There are 2 protein chains.
Amino acid sequence: MSEQRRGAPRSEAARIAILEATARLVRERGYEQLSMEGVAAAAHVGKQTIYRWWGSKSELVAESMLDGFLMPGGEEPPNTGDLRADLAAWLREIFVFVESPDNELMLRSLVSAATVSREIGARLHEQLGAGSALTRRIDDAAATGEIRSGLLGQDVGELLIGAVVLRVLTREPTGPDLPGRLVRSILGDAPS
Amino acid sequence: MSEQRRGAPRSEAARIAILEATARLVRERGYEQLSMEGVAAAAHVGKQTIYRWWGSKSELVAESMLDGFLMPGGEEPPNTGDLRADLAAWLREIFVFVESPDNELMLRSLVSAATVSREIGARLHEQLGAGSALTRRIDDAAATGEIRSGLLGQDVGELLIGAVVLRVLTREPTGPDLPGRLVRSILGDAPS
DNA sequence: TCATCTAGACGCAACGTCTCGTATTGTAGA
DNA sequence: TCTACAATACGAGACGTTGCGTCTAGATGA
């Protein structure tokens with residue numbers, strides 16, 4: 001069944017070099033300033049080699065992210081038994097990451113790419129949505145009565161992550177108490 | 001004090017034509033495909049007239065939005081006395097608007113522009129943030145005890161609007177019950 | 001008089017396609 | 001087994017096109 005292809009196989013070295021160069025240039029200059037010519041030059045690769053495998057800038061940025069060259073792996077929230085504190089700590093970490101000048105350009109580039117490519121949007125949702133550790137953690141808490149029942153982990157996750165994305169867009173500075181406020185806005189205070 | 005300027009004043013006709021052409025082209029082709037040359041041609045305007053008043057594509061798209069050529073004015077949530085129902089209805093309207101194929105390109109263009117221009121981000125926050133009717137409505141409800149105290153209108157608004165923005169990015173279809181679920185995720189069920 | 005207007009020329013950067021010559025693989029014939 | 005040859009990928013870069021942002025020209029209007 002598996003018809004053998006002829007000719008030279010795809011060069012893994014070129015693929016890696018292109019994705020790494022893309023990640024580096026996105027971090028340095030951002031999405032709009034990223035050019036295919038720049039990537040080709042930085043990766044010491046012919047332009048055709050890029051266009052052969054990726055159709056557009058957004059696809060390229062997408063794969064660079066999905067393969068972990070751009071974004072670190074999804075951090076899981078800690079688990080100390082106190083869901084509210086855990087979520088607030090997790091959010092605080094994320095806000096620190098988001099507000100770091102080193103990551104600003106990269107994150108906005110990711111959002112830009114998502115506005116252009118349906119695929120990135122889908123992967124974004126996949127990586128953040130149902131099935132993540134965050135979602136399960138909240139569902140468990142609802143089942144054990146730590147938080148009020150009726151709460152869906154997926155919905156709570158969307159609200160929290162949405163707030164983070166909104167901050168990326170508005171560039172409003174976050175105060176140290178924002179994570180706690182947001183978590184309590186949803187889950188309320190712990191039962192005494 | 002008011003020094004009289006000499007020479008011809010700025011042409012309001014040209015300004016309107018440019019902003020309208022920008023809005024039309026953004027709706028038709030999206031942010032990335034929008035070109036300054038295209039706007040100049042469509043508005044029957046010299047390129048210099050655009051560059052004289054706007055410094056970049058993102059600024060142009062920003063003003064086109066802020067002046068109402070792109071976005072409809074901020075809709076206020078209805079007020080029937082039942083905050084949960086009002087917010088759900090308001091969210092439902094927004095999701096319908098967001099998911100309309102006519103508005104998809106425009107909204108993603110707005111997000112793109114916000115990733116590029118700090119000003120748009122700030123205006124976005126200004127238009128959606130504290131001081132809006134939504135925020136006041138929630139603060140009032142917290143004061144009268146319709147919802148639990150300790151909730152800040154600004155935080156709740158950020159969570160809800162963030163969820164909308166996230167949907168714009170992930171392009172996940174929304175179910176008819178999502179607005180109600182999101183509102184109840186935050187406010188809980190009405191006290192019986 | 002002076003700032004604005006439309007129109008378009010200008011040099012430059014990047015686009016996406018195409019063509020080289022070379023390297024690397026599978027297939028087929030000697 | 002050894003040797004052509006076909007197929008494909010590669011780096012490099014030429015090519016025409018598009019859009020960039022600046023600049024000049026001549027007309028218009030306060």
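Chain A is the first sequence line, chain B the second, and so forth, proteins listed ahead of strands; every chain is numbered from 1. Computed from a predicted structure; not experimentally measured.
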A:Arg10 vs B:Gln33, nearer the 5' end of DNA chain D by closest nucleotide:
A:Arg10
Backbone N or O of A:Gly81 within a donor-acceptor pair of the A:Asn79 side chain at under 3.5 Å?
yes
Could you tell me if A:Arg10 sits above the aromatic ring of A:Trp53, with its cationic atom closer than 6.0 Å to the ring centre and no more than 45 degrees from the axis?
yes
So do the side chains of A:Tyr31 and A:Val26 get within less than 4.5 Å of each other, counting heavy atoms only?
no
Determine yes or no for a side-chain-to-main-chain donor-acceptor pair under 3.5 angstrom, with A:Asn103 supplying the side chain and A:Phe97 the backbone.
yes
Separation of C:dC15 C1' from B:Glu32 CD (nearest whole Å):
13 Å
Through what angle, rounded to 10 degrees, does the axis of the helix from C:dT1-D:dA30 to C:dA30-D:dT1 turn between its ends, using five pairs per end?
10°
Look at the side chain of B:Ser185 and the backbone N and O of B:Arg181, then say whether any donor-acceptor pair between them is shorter than 3.5 Å.
yes
Side chain to side chain donor-acceptor pair (under 3.5 Å): which pairs involve residues 157-167 of chain A, sequence neighbours left out?
A:Glu158-B:Arg167, A:Arg167-B:Glu158
Determine: side-chain N/O of A:Arg5 to OP1/OP2 of D:dT8, distance under 4.0 Å, yes or no.
no
Closer than 4.0 Å, any side-chain N/O of A:Trp53 to the OP1 or OP2 of D:dT8?
no
Can you tell me how far C1' of C:dT4 sits from CD1 of B:Ile16, to the nearest Å?
17 Å
Spacing of A:Ile50 atom CD1 relative to C:dC18 atom P, expressed in whole Å:
17 Å
Donor-acceptor under 3.5 Å (B:Arg84 side chain, B:Gly188 main chain):
yes
If we ignore angles and hydrogens, is there a donor and acceptor under 3.5 Å between the side chains of B:Glu59 and B:Ser117?
no
Under 4.0 Å protein heavy-atom contacts per nucleotide of nucleotides 20-30 of chain D, with B for base, S for backbone only and - for none
BBBB-----BS
Side-chain donor or acceptor of A:Thr170 paired with backbone N/O of B:Ala122 under 3.5 Å:
no
Without decimals, in angstroms, what is the distance between A:Ile18 CD1 and D:dG11 P?
7 Å
Side-chain N or O of A:Thr49 closer than 4.0 Å to phosphate OP1/OP2 of D:dA9:
no
